[in-house]
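Order of the sequence lines sets the chain letters (A, B, ...), proteins ahead of strands, with each chain counted from 1.
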Number of protein chains: 2
Amino acid sequence: MGEAFEGTIAFRVVVALRDDIVTMALKPGDVISESDIAGRYGVSRQPVREAFIRLAQQGLLLIRPKRATVVKKISPDGVRQSRFIRESIEVEIIRRVATAPAAETAAVLAELIADQEAASAANDSRRFHKLDELFHRTLARLAGVEYAWQLIDDHKMQLDRVRYLTLGVSSSQRAIAEHKIIAEAVSKGDVASAEAAMRAHLGRAELLLNQTIEDFPDYFE
Amino acid sequence: MGEAFEGTIAFRVVVALRDDIVTMALKPGDVISESDIAGRYGVSRQPVREAFIRLAQQGLLLIRPKRATVVKKISPDGVRQSRFIRESIEVEIIRRVATAPAAETAAVLAELIADQEAASAANDSRRFHKLDELFHRTLARLAGVEYAWQLIDDHKMQLDRVRYLTLGVSSSQRAIAEHKIIAEAVSKGDVASAEAAMRAHLGRAELLLNQTIEDFPDYFE
DNA sequence: TTCTTTCATCTTGTATGGTAGATCAAACTT
DNA sequence: AAGTTTGATCTACCATACAAGATGAAAGAA
């Protein structure tokens, strides 16, 4: 997002609150108020209020006029549709890249996968997560639609909350293997295989979601 | 978007400004200020400020800290990528609906097309535009991803600004003919034809964009 | 007891005053 | 004349005070 207000207090509050929400320090259903947060951060209500507005538009908060503001519960159907949107766009991206692969494509993807293997070997899950994201964003860049990835990124916050609930079960080995299949198909210009591999790669999240709903029913609508 | 603040002044300002921007009453590059708009609507600066924040997050305004706020110029690349997103999602939607068409599908789409023909015959272009939108949103509903359409709708605002610049050239006849082809393929469960028809239907906008950039260069980045 | 009503106390919404950064033109210096 | 500095005047940012709706518990009526 082109956040053009980085120096402001409101920006600091947005970043802090968003982090708290995604990492589940603020749990779905938690009630917060402008004065509450203002006091906690030692600022006035005004910048907090503006942060609330921004986070509400991102689907993380629900401002209830004259009542209170709550951390939005995760909507299973919303997550499902976010996945639908992501799969639609990423499939189209992979088609474009595979249809006319640029010269650099194979090398760039291979290097990213090598980095991922290094991070996996070092058990650095945070770095692996970053590299995983970078892999997908790079594909968007190669397709000339990096902005489209930003859109996915916005909606990925909901998914990230789910992901955070299931920390540690991420099998980076399998993800890397799937990345390799995708990269190979793309580099060869095999559109159909690339699309199928991407769908398989993204499809695994569905099971994860259902499991998570069972484990943490209070966090979902 | 689940705008949950309909009774407020800020909401009225958002609606009014968004309408002004989409209809080009406020032109790309126009400079506005909180006090300016506040005075014009007879309200205080506070709700105007909040409206600015919301519109900035929707990509219609650019708030420049300590300087001024301008109506964002239209980014040709942004419009192109919005089209990419829309096509990705709508193609996936049409696939889903065509793969397993519900019983009601054919009848629902036929009725919508009939309404469109009536609006076209009556030369009611505003009503036709609404029905055109409804056709696409209905497909999303039939695919069980109506929320995905809301996403398209948000990003469609940029396209709507372009569309408004080229008023009158909308050939509703051709659009209706294309809708018929789509509806028929979907009803028959012919996935490949439905997808191709949808791509062709959405693809026409590219030419329109290039023409518009030539005609109104000042409104684009 | 059970239902109704009142009212203290939450909340967000709005108005307004002051602050500091950004801009630009006029005055000044060289 | 050309470049520099100053200062008036914009702007958005923030703090604060007040208004009004929503809530829930306590007091009162049946």
Legend entry - Listed partners of A/F216 passing ring-ring contact (aromatic ring centres under 6.0 Å, His included), at least two apart: A/Y219
Legend entry - Protein proximity profile, nucleotides 10-17 of chain D - base contact B, sugar-phosphate-only contact S, no contact -, cut-off 4.0 Å on heavy atoms: -BBBBBBB
Legend entry - Any residue meeting ring-ring contact (aromatic ring centres under 6.0 Å, His included) with B/F220, in chain and number order, not counting sequence neighbours: none
Legend entry - Contacts of B/R137 that satisfy side-chain contact (heavy atoms from CB on, under 4.5 Å) - sequence neighbours left out: B/L134, B/E146, B/W149
Legend entry - Residues forming a ring-ring contact (aromatic ring centres under 6.0 Å, His included) with A/F84, sequence neighbours excluded: none
Inset, instruction - Tell me, please, which residues at least two apart from A/A102 pass side-chain contact (heavy atoms from CB on, under 4.5 Å). - result: A/E104, A/T105
Legend entry - Whole-Å gap separating P (C/dT14) and OH (B/Y41): 15 Å
